Student: 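Submitted below is the structure of interest, expressed as structure tokens.
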There are 2 protein chains.
Amino acid sequence: MKKVTILDIAKELNVTFSTVARALNDHPAISAATKKAVRETAERLNYRQNKIASSLRSGRTNVIGVIVPSLRVTFFSSVVSGIEQVMNANGYNILLYQSNESLVKEKKGIETFLQSRVDGILASITTETTDYSSYEEIIKRKTPLVFFDRAIDQLNISSVTINDYKGGFTATEHLIQQGYKRILHITADREILIFRERLRGYIDALRYYGLPVDDDLIVKGDFSPEFGKTVIKEARLKNLEYDAVFALEDFTAMGVLQQLQEFNVKIPEEVAVIGFANESFGSLVTPQLSTIDQQTILMGKEAAKLLLKLKKAELTQEEKPEKIVLDPLLIVRASSRRK
Amino acid sequence: MKKVTILDIAKELNVTFSTVARALNDHPAISAATKKAVRETAERLNYRQNKIASSLRSGRTNVIGVIVPSLRVTFFSSVVSGIEQVMNANGYNILLYQSNESLVKEKKGIETFLQSRVDGILASITTETTDYSSYEEIIKRKTPLVFFDRAIDQLNISSVTINDYKGGFTATEHLIQQGYKRILHITADREILIFRERLRGYIDALRYYGLPVDDDLIVKGDFSPEFGKTVIKEARLKNLEYDAVFALEDFTAMGVLQQLQEFNVKIPEEVAVIGFANESFGSLVTPQLSTIDQQTILMGKEAAKLLLKLKKAELTQEEKPEKIVLDPLLIVRASSRRK
DNA sequence: TTGAAAGCGCTAACAC
DNA sequence: GTGTTAGCGCTTTCAA
């Protein structure tokens, strides 16, 4: 099967290939009759545009590079899903890269994007990213860039993130409003911004409602379900008094839930539990788990829209970074509803 | 910032651009000294290869098109994660497309892949796909194609799928071996191959172990968690006797679990429950849910490897489709362990 | 409304 | 070991 090019169509119709090119691109200066003839011949010959050639010549690829730590994390695969939807609806395709939280792979991915001359990049940085050279390179090359979820503040780049502080505040506020007074918070032992923000929200909510901030009620660790269990066990050993638990993640919250049930603690009568992330299982467990939704699909869509906006603005030389901060959503379920 | 090409490097070094091209591609006929000089100059000028130009000339893009129904389904995002890992390790990048189970979008995606001259395509068809023309077109164009999970048998194309029959058999066999005798199976009311296969495995396992196949114990419906609950409620109303439930999906199984607990039925003493898919929440609920693991990451990796193999075979004209069928893994947890 | 011509940046066959 | 040359298939400017 021979490759069909615009030249073949041109020969068939006794016009030049540039007329064919124009007709296929719906150029206004081409007569309707010619367009029709070209389209029919293209169809008949089973012609298919070569985007590579088109990109080389025009300088546009209609491809957007998307780099995430890992698709195995539901949060990111959801965001990518949202990105793909919007980008595809606007004629762009997605070149996908997983960094696996490795700085080396991240650099390699961005290098590939740049070599592939993508029309824009959407990125969520790795936890290892301390060296920003890859991203500086993107900026230097004037390739539109938007961060989502994990951004680099110093670079003054457009981004879409979620207000984790507000999420922490809202979760805590909800527990307080339900009448809980001694709220245990499980947070991470590593310095990760989003978790620190949730903690800050927790503390501020307590203060706002005039409740004491008790350091004994702030527990740090890896945030596995197992750790959730450990926290509850140790709290019992120490005779720690608490009537609610706000865990930084739904998975941690599940560990808490299980251990409390093992101790025959009534949820939410004696102790309330709320998680974070709105994982799919939250509504399937007993009692159903209250949580904070992070609006993943929306984040992807907003990030994509922001990039598209940036690409338009390029033309008019406007270059003010826009930082969209999404509000997390409180999802109240049985595990924390006592009123 | 001016665009740097191999010509700029050539000028700096007083060699021709083809020497530069060879040096950058590590051509054996270029002296080490020249290579070094070229690399240093490239670095200094911040040169970056233009993959578009390279692809146009060479006919290779190093891009693989991947089309899935939706990344919001954990199963698919996991598989894509596996695909990306292997492909990236072999120098390929992923162009990603979501069909959203729509035939129109599927066609559009494949059209884009073909126009982008991808070096291969990995696809999981939509539930709507009855017209195979898009895939026939891929084959006609001699673009290597591998199906994963959802394949089109008639096309005689390489594929990686999971043995759902065996999954159904294994789940049922496990329950029988644990001493359960009246096993309720929840399946789909729509004609979906994988679910029919699981059902077939269920039936064969019963027969193999000399147990009667009772139509009353096979319940069809949408397979939401809600439906799982409904099944248990109705079984009670009808005084249906059963001592185990094999649900076609973990989500359905969760509904079953919850309703049984609401009825104070002891799991697994009175009734065992097993699901399918090994969703992340299975080990977090009480009791932990037994299930069948579908080896998603492995499926992605195998599909990627198969495509790579196909691309090599292309050269030697071998073209026998290879159909890899992965064995599902039985994961025994508390919900079905009574021995 | 259409044609002519240049060239995007690279690869690769052939030459020396 | 390096240079010469011819495109890959398209977009786009200028001309008619």
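Everything numeric here is computed off the predicted structure, so don't read it as measured data.
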Student: Treating primed atoms plus P, OP1 and OP2 as sugar-phosphate and everything else as base, which nucleotides of nucleotides 9-16 of chain C get B, S or - for protein heavy atoms under 4.0 Å?
Tutor: BBBBBB--
Student: Got a salt bridge between A:Glu40 and A:Lys36, using NZ or NE/NH1/NH2 to carboxylate O under 4.0 Å?
Tutor: yes
Student: Between B:Glu111 and B:Lys108, does any side-chain N to carboxylate O distance fall below 4.0 Å?
Tutor: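 Here B:Glu111 does not pair with B:Lys108 in a salt bridge, since their nearest N and O are not under 4.0 Å apart.
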Student: In this structure, how many angstroms lie between the P atom of D:dT2 and the CD1 atom of B:Ile9, rounded?
Tutor: 15 Å
Student: Is the phosphate of D:dT2 approached by B:Thr16 (side-chain N or O, under 4.0 Å from OP1 or OP2)?
Tutor: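 Looking at the OP1 and OP2 atoms of D:dT2, neither is under 4.0 Å from any side-chain N or O of B:Thr16.
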Student: Is there a donor-acceptor contact under 3.5 Å from the side chain of A:Gln49 to the main chain of B:Gln115?
Tutor: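 Judged by distance alone, no pair lies under 3.5 Å.
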Student: Does B:Arg141 come within less than 4.0 Å of B:Glu137, counting only side-chain N to carboxylate O?
Tutor: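 Yes, charged N to carboxylate O under 4.0 Å.
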Student: Counting distance only, does the side-chain N/O of B:Lys311 pair as donor-acceptor with the main-chain N or O of B:Asp119 below 3.5 Å?
Tutor: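 Answer holds: yes.
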Student: Write down the distance between NZ (B:Lys35) and P (D:dG1), rounded to a whole number of angstrom.
Tutor: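 These atoms are roughly 9 Å apart.
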Student: Between B:Thr19 and D:dG1, does any side-chain N or O lie under 4.0 Å from OP1 or OP2?
Tutor: no
Student: Please confirm whether the shortest side-chain N or O distance from A:Ser31 to OP1 or OP2 of C:dT2 is below 4.0 Å.
Tutor: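 Checking C:dT2 against A:Ser31, a side-chain N or O does come within under 4.0 Å of OP1 or OP2.
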Student: Distance check, rounded to the nearest 0.5 Å: B:Ile152 atom CD1 versus B:Ile125 atom CD1?
Tutor: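 Here the rounded value is 4.5 Å.
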